[in-house]
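Down below is the structure, laid out as structure tokens.
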Amino acid sequence: MGSFKGHAVPGTLFLVVGLWHIWSALVRYVSDPKSFRVRVWNPVPGFDGRIKYLELYVIAVGAFIDLCIELLYSPHLKYFVNGVLNPAHMNDFEHSGMLLMFFIFGVIALLSQETRFLPLPEGALCLIAATAFSAEYLLFYFHSTTHKGLEGYYHIILVLLIGLCILSTVTGALLPTSFPVDLCNGIALTLQGIWFYQTAFTLYGPMMPDGCQLKEGMISCHSADNEVRGELLASFQFFSIVLGVLAAVVGAYGFIASRFGHSDLSRLHAVQDVLVDDQIRGF
């Protein structure tokens, strides 16, 4: 993944799935708040149900394509050097393991939904997805490629977002009727996808901070001050992305509530307003 394409490809997968998860969670909640359930995947409506499992196919096929890139194309089939794994492509092998976990999740979910061979409840699928995120977390935390300096700072933020994905997915299995948990999972996926793109544009694209450069596959800064400024820029980028995503979610909620809102949603808001008023009078 130490390239622009290496970050953009998984970033696209996480971003598309995350945005779809946010939209679906909002629509399902405003349509019927009382019967809301956490879903680790969301069916796609239309075409007489022929694209119902599109999200799962996107995950499985997308992970498989990226797996082939990391395992077949990047090392050029040179897996062993002097009887040991090729040290020059060790990171490609690690990325392949992570992508294999997401591919397995997609296949298991498809088998669970489309066949009778592997009937699994939604909570079990949540835990399997959490296992895939855990593999991703361990990969980036114990990476064979030493991430230091500015590059390390971007990967620390990525690890935090992966941890949020793990936490929200496991919590979804424990609290299967929680709308905030389901929405948080979609937001975490979206943030992870956007941060992959941000890392690609900053470290391997045109947004490299002044005083830093990409040379021989390594990110280096001319001085400690340049590195600190780059880290401050990363923090500002992350804050802006989080703020933008939250604002978009609030706007989407207002739009979806006006178009698909159930009568129970209005009653729920009215009850919440009364409770707030009572608390204010109590003070």
Side-chain angles (χ1 to χ4, degrees), residues 9-25 27-29 31-32 35-73 92-139 162-179 181-190 192-193 196:
V9 172
T12 301
L13 181 62
F14 284 117
L15 181 58
V16 170
V17 174
L19 290 174
W20 171 242
H21 198 132
I22 290 174
W23 178 267
S24 299
V27 170
R28 287 186 291 109
Y29 178 73
S31 299
D32 192 359
S35 63
F36 180 85
R37 305 285 295 183
V38 171
R39 293 193 64 96
V40 73
W41 71 279
N42 294 276
V44 180
F47 297 96
D48 297 324
R50 288 193 291 262
I51 59 173
K52 179 180 179 180
Y53 304 105
L54 179 61
E55 178 185 344
L56 295 178
Y57 280 106
V58 168
I59 294 173
V61 174
F64 181 75
I65 292 174
D66 204 3
L67 172 64
C68 291
I69 293 174
E70 295 286 349
L71 193 60
L72 302 177
Y73 175 76
D92 296 320
F93 302 144
E94 292 173 339
H95 298 157
S96 300
M98 174 198 75
L99 293 165
L100 178 62
M101 293 298 296
F102 285 105
F103 172 72
I104 291 174
F105 162 72
V107 171
I108 289 177
L110 282 170
L111 289 175
S112 175
Q113 301 299 316
E114 289 200 275
T115 70
R116 299 179 181 178
F117 299 111
L118 199 63
L120 293 173
E122 196 70 23
L125 292 177
C126 285
L127 294 179
I128 295 173
T131 303
F133 286 122
S134 297
E136 183 188 11
Y137 180 91
L138 292 173
L139 162 69
I162 298 171
L164 181 58
C165 288
I166 298 172
L167 181 62
S168 59
T169 306
V170 172
T171 308
L174 300 176
L175 302 174
T177 61
S178 175
F179 167 66
V181 169
D182 202 19
L183 182 61
C184 180
N185 184 253
I187 292 174
L189 284 169
T190 302
Q192 187 181 164
F196 264 114

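Atoms considered below: every heavy atom in the structure, side chains included; atoms not considered: hydrogens, waters and symmetry mates.
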May I ask you to test the [X]-[Y] pair for a side-chain heavy-atom distance under 4.5 Å?
X: R28; Y: D182; answer: yes
X: T177; Y: V38; answer: no
X: E70; Y: M98; answer: no
X: L111; Y: I108; answer: no
X: K52; Y: F47; answer: no
X: F14; Y: T190; answer: no

Could you pull out the closest heavy-atom pair between [X] and [Y], with the gap in Å?
X: G172; Y: C126; result: C-SG, 4.4 Å
X: F36; Y: A25; result: CE1-O, 3.6 Å
X: W20; Y: P45; result: CH2-CD, 3.9 Å
X: S112; Y: L120; result: OG-N, 3.2 Å
X: V58; Y: L13; result: O-CD1, 3.6 Å
X: M101; Y: A135; result: CG-CB, 3.7 Å

[atom1] of [X] to [atom2] of [Y]: how many Å apart, nearest 0.5 Å?
X: L15; Y: Q192; atom1: CG; atom2: CD; result: 11.0 Å
X: I162; Y: L189; atom1: CD1; atom2: CG; result: 11.0 Å
X: F133; Y: N185; atom1: CZ; atom2: CG; result: 6.0 Å
X: L164; Y: T169; atom1: CG; atom2: OG1; result: 8.5 Å
X: F196; Y: T12; atom1: CZ; atom2: OG1; result: 10.5 Å
X: E94; Y: L99; atom1: CD; atom2: CG; result: 12.0 Å

Is E55 reaching over with its side chain to a backbone N or O of N42, donor-acceptor style, under 3.5 angstrom?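 Yes, because the side chain of E55 sits within donor-acceptor range (under 3.5 Å) of the backbone of N42.
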
Evaluate side-chain contact (heavy atoms from CB on, under 4.5 Å) for S24 paired with R39, printing each intermediate quantity in order. CA-CA 9 Å; S24 299; R39 293 193 64 96; over 6 Å; no

Qualifying residue for side chain to side chain contact (heavy atoms under 4.5 Å, CB included) with F105, from L110, L100, V40, T131: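 The option that passes is V40.
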
